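Just below is one structure, and these are the notes that go with it.
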Amino acid sequence: MLEYLKISNYALIDRIDIRFESGLNIITGETGAGKSIILGALGLLLGGRAEQRVISNPEAKTIVEAHFNVAANRLVEDFCSANDIEPSLSPLIIRRELSAGGRSRAFINDSPATLAKVQELGLLLIDIHSQHQNQLLAQPAFQLRILDSLADNEALLADYRACFDIFRHDLRLYRQTKESIDADNANADFIEYQLSKLRELEPSDGELKTIEEELAEVEGLADRREAAEEASTLLNSGEPNVIDMLNRASHYCDRLGEALPADSNISERLQACITELTDIADTVQTIADKYSVDSSELEYMRRRASAIRSAINKCGVADEVELVAHYNDLQAKMNRLEEAPELLASLEKKARTSRARAVAAAALLTESRKKAAADFARRLQETAMPLGMKNLRVDIAVEPAKLSATGADDVSFLFAFNKNQTPTPVANAASGGEISRVMLSIKSVVADRISLPTVIFDEIDTGVSGDVAARIGSMLRLMGDNMQVITITHLPQVASMGLTHFKVYKEDDADSTHTRIASLSAQERISEIALMLSGSTTEPAARANAEALLRQNPNFEI
């Protein structure tokens, strides 16, 4: 409920602070005193349009702030949970600020909030109703919630929602699978081409890494063998080679004979070199033989590694792990295409079965709602007719609709106020006063069955008097036993039924006129209602009549 409202620097209001109570709160005051200004400020708070003209002092901010007790309000708890707002930080606070520069800001529990979020939350907290406006009851979802509450459909709704969730899951799975298969069918030729190439390659996890490691090792061996063989060729097996040339040199030196110095030992020295180099050549050849490499195997590994790298590039994957995954995915797609008719038929059958269960559960809801609709129409008509609408006809239409999270029904509240009138939606049905009384009747019927937000009625009693006014007052008082009601009224019969009574008035200072609001004591209430009755606060008969009206209110104590 609305516990506290602060308005500052708004139109004629420099600052007012109002602490509302539970039950029926009455607001009275002369025409033009500023009651509508308070409603305008509340509308601004709840996401209404910000207009610069309401800022009375351009050097200060306009601030409207409200504190709400939201204990045990499940809808508000769900909203707060979905929007990361902690409702347990009671009270829940909404604040709206305007500056003369045109800046508008909104806050929920001191955290910045969008106007859309404030408006959404506001509908769960306050329902402002004037003769030509109703924020909450015009919503089909709320009308449906009224019927479900009156019909005690909580268990049926839970069963239906479970069936609907399963159907929605099965239908989504069928549609997603069909879309995927259709997309694969469109690319079947390309998938088959890629798959055929990968089947030839048959890639496996870790193969490329293994080949590359083996290639590094084998190619290292091949480099050593090549070096040893080249050395051996130069030393001993090539044409020409070092040892052969030394042997020839030794031969020619032998022919020189005595021409060589006696102590030169050329021949022996050459033979020593030949012997040493022959030994070196044998050692190098042994090394070459030791590093034997199968050239065909080496070439195979090179081709295999190249083929895997090429496939990775062509398939647009990062590495061989993704290549193998892509290969498996392509095989799965082709297998699925082959199995597609059977798979789709199975998924479609499952979705149809779950839909049939949801339809059956929705039918139980529809039946219950239609029974509740007839009872609600009767009760609403009985409640509203004594309020001056003797020709009222009420028709709560429950029409077929597509399956949704709430069932398979569209609900419309239809009204006719004249004998020859076709029932139409309440917003288009009749005069403002009649609509107001219908709205009051609706809320009176459902107040003890459904969690309603704080309801604010702005002069709902316009155009009525006497017995009808008294009935409206009694109805508002009874509503106040189950919820918080704030009513702006000009009728003493209504004002006398309140638990709390506020008076709005104007006060002048040296420079300007200000709107004020005061909470009235018991004696002040007698004076205010006497003024409403006769125009005088002191006229004895009026005061006696005012006191008599107040004594009819079981919540009033002198």
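These numbers were taken from a predicted model, which means no experiment stands behind them.
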Regarding [X] and [Y], does a basic nitrogen lie under 4.0 Å from an acidic carboxylate oxygen?
{"X": "R168", "Y": "D165", "answer": "yes"}
{"X": "D375", "Y": "K371", "answer": "no"}
{"X": "E367", "Y": "K370", "answer": "no"}
{"X": "E547", "Y": "R543", "answer": "no"}
{"X": "D159", "Y": "R357", "answer": "no"}
{"X": "D409", "Y": "R369", "answer": "yes"}
{"X": "D182", "Y": "K178", "answer": "yes"}

**Message:** Taking the six-membered ring of F107 as reference, does the cationic atom of R95 (NZ for Lys, CZ for Arg) lie under 6.0 Å from its centre and within 45° of its axis?
**Reply:**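 Judged by the rule (NZ or CZ under 6.0 Å from the ring centre, within 45° of its axis), R95 counts as positioned above F107.
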**Request:** Could you tell me how the ring of Y160 sits relative to the ring of F164: parallel (under 30°), tilted (30 to 60°) or perpendicular (over 60°)?
**Result:**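 The rings of Y160 and F164 lie parallel, inter-plane angle below 30°.
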**Asked** Would N83 and K117 satisfy side chain to side chain donor-acceptor pair (under 3.5 Å), going step by step from the backbone distance to the final call?
**Response** CA-CA 9 Å; N83 292 278; K117 288 300 179 186; 3.1 Å; yes
**Steps toward side chain to side chain donor-acceptor pair (under 3.5 Å) verdict (Q484, T454)** = CA-CA 5 Å; Q484 185 184 50; T454 293; 2.5 Å; yes
Side chains of residues 384-398: which donor-acceptor pairs under 3.5 Å do they make with residues two or more places apart or in other chains?
unit_1 : atom_1 : unit_2 : atom_2 : d
R393   : NH2    : Q421   : O      : 2.6

**Prompt:** Where is the tightest heavy-atom contact between F167 and S354, given as atom of each residue plus distance?
**Reply:**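 Scanning both residues completely, I find the closest heavy atoms to be CA-OG, 3.4 Å.
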**Message:** Would you say CZ of R355 has more than 12 non-hydrogen atoms from neighbouring residues, nucleotides or ligands within 6.0 angstrom?
**Reply:**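 Check fails, neighbour count at 12 or below.
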**Asked** Taking atom CD of E30 as the centre, does the number of heavy atoms from other residues, nucleotides or ligands within less than 6.0 Å exceed 12?
**Response**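 Open: at most 12 neighbouring heavy atoms sit under 6.0 Å from CD of E30.
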**Prompt:** For H514, what residues pass the ring pair (Phe, Tyr, Trp, His ring centres under 6.0 Å) criterion, not counting sequence neighbours?
**Reply:**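 Per chain and number, H514 pairs via ring pair (Phe, Tyr, Trp, His ring centres under 6.0 Å) with no residue.
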**Asked** Y4: what forms a ring pair (Phe, Tyr, Trp, His ring centres under 6.0 Å) with it, not counting sequence neighbours?
**Response**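 Once residues adjacent in sequence are excluded, the partners of Y4 under the ring pair (Phe, Tyr, Trp, His ring centres under 6.0 Å) criterion are H67.
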